[in-house]
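Here is the structure we will look at.
Remember, it's 1-based here, ligands and their atoms both numbered in the order they're listed.
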Amino acid sequence: MSSEEKADALEDYLSQHLDAEVEEQQAAAGNAASAPARFPTVAELEAQVETRNWRRGAGGLFVAGMRGEGGNVKRLEPMPAKPTLLDFFKLRFAPANHVLQSATRAMNTGMPEEIIFACLMHDVVQALIKPDHGWWGAQLLEPYVSPKVVFAIRYHQALRFYADTSVGYEYPDLYWRIWGSDYVPPPYIEATYKYVRKNKWYMEPRLVTVNDLYAFDPKAKVSIDPFMDIAGRQFKQPKEGLGYDNSPVAHMWRTVASPDSPL
Ligand SMILES: [Fe+2]
Ligand SMILES: [Fe+2]
């Protein structure tokens with residue numbers, strides 16, 4: 001064989017080998033959907049841990065360059081003495097594109113006000129921390145919102161791993177990429193899914209997942225303004241300011257307000 005023929009043969013062999021490997025992964029995954037070949041495996045993602053100087057669970061406010069843009073963290077604008085939810089949105093959660101797009105989609109498709117608000121708030125806690133963000137996010141809001149909004153936010157995280165074709169929700173491509181093509185959710189997520197599936201409020205977190213799209217439109221112009229009235233009705237703003245009302249979660253708001261505090 002010429003060297004070119006050898007290279008072609010090698011390429012054929014590798015691509016067949018890759019196909020076989022992907023089929024094996026899909027069989028192992030046990031998920032209803034099947035992962036396209038281009039996504040990494042759980043083992044490949046694990047192998048990346050020691051290639052970073054940050055952990056994947058670090059809140060967005062605490063790390064620069066998580067998306068590869070590099071550089072240092074930025075100086076944050078000071079918060080007012082009695083910060084409101086809007087101040088947090090503008091000064092700490094911004095640009096908050098993903099949640100604004102989710103809420104915009106919920107609004108444009110005529111969903112109930114509580115769902116629109118849950119969509120607006122469903123991932124904001126990721127400024128603080130990412131693992132178990134459904135539970136953290138629900139806790140952050142619990143003193144100020146209705147039990148339905150809390151339920152929707154707490155459980156959207158687990159439902160993201162399970163398709164529901166009756167409402168057009170499929171296992172997201174993004175999850176093949178970030179969790180690995182052969183990822184199987186841990187037993188506590190599976191148990192949570194089963195619990196929520198049977199709950200009378202199942203549709204609350206499910207509708208959050210329906211609006212939880214990452215490829216909605218990267219150029220879409222979104223703003224908090226259309227949601228101000230809804231936020232006013234759905235969120236009980238403490239008169240002392242978020243972080244200073246002595247609620248069980250006030251310290252969480254203070255940490256978001258002051259992520260440069262050394263202790
Ligand atoms: Fe989420
Ligand atoms: Fe989300």
Side-chain angles (χ1 to χ4, degrees), residues 31 33 45 55-63 66-67 85 88-89 92-109 111-112 114-142 145 148-164 167-180 183 185-186 188-190 192-193 195-197 199 201-218 220 222-224 226-227 230-231 234 249 252 256:
N31 275 308
L45 290 168
R55 295 199 187 275
R56 293 173 88 196
L61 272 174
F62 293 85
V63 192
M66 289 181 92
R67 294 183 190 88
L85 184 63
F88 274 91
F89 245 95
R92 293 297 180 268
F93 301 147
N97 247 302
H98 168 62
V99 291
L100 288 169
Q101 288 192 16
S102 297
T104 301
R105 189 186 182 284
M107 189 179 251
N108 291 345
T109 52
M111 294 201 182
E114 274 172 314
I115 298 297
I116 298 170
F117 187 66
C119 288
L120 184 68
M121 303 305 295
H122 79 283
D123 281 342
V124 296
V125 82
Q126 290 190 33
L128 177 64
I129 190 159
K130 298 192 179 189
D132 271 323
H133 72 282
W135 278 270
W136 281 95
Q139 189 180 2
L140 182 70
L141 298 173
E142 200 152 14
V145 302
K148 258 190 196 175
V149 170
V150 173
F151 193 91
I153 292 174
R154 180 166 291 137
Y155 296 122
H156 88 275
Q157 178 198 333
L159 295 197
R160 287 281 268 150
F161 294 101
Y162 302 91
D164 184 343
V167 287
Y169 178 77
E170 290 174 8
Y171 190 86
D173 268 13
L174 176 81
Y175 274 28
W176 299 122
R177 197 173 304 126
I178 65 174
W179 292 97
Y183 180 74
Y188 85 95
I189 291 286
E190 173 88 24
T192 299
Y193 168 66
Y195 160 73
V196 178
R197 192 76 189 81
N199 195 285
W201 285 352
Y202 165 68
M203 267 303 154
E204 316 298 320
R206 175 50 79 200
L207 289 178
V208 174
T209 70
V210 166
N211 293 294
D212 202 353
L213 306 175
Y214 286 80
F216 175 39
D217 180 0
V222 284
S223 141
I224 185 77
F227 307 106
I230 290 177
Q234 294 290 325
V249 301
M252 293 166 71
V256 175

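Between Arg160 and Tyr169, the side chains place a donor N or O and an acceptor N or O closer than 3.5 Å (distance only, hydrogens not considered). Checking Arg206 against Thr209 by side-chain atom types alone, a donor-acceptor pair falls below 3.5 Å.
Among the heteroatoms counted here (N, O or S) of Asp123, OD2 is the one nearest to the Fe ion (ligand 2).
None of the N, O or S atoms belonging to His156 lies under 2.8 Å away from the Fe ion (ligand 2). Coordination check, His122 versus the Fe ion (ligand 1): failed, since every N/O/S atom of the residue sits at 2.8 Å or beyond. Put simply, Asp212 stays out of reach of the Fe ion (ligand 1), with no N, O or S atom under 2.8 Å from it.
Not less than 6.0 angstrom separates the ring centroid of Trp201 from the ring centroid of Tyr155.
Looking only at distances, no side-chain donor or acceptor of Asn211 sits under 3.5 Å from a matching main-chain atom of Cys119.
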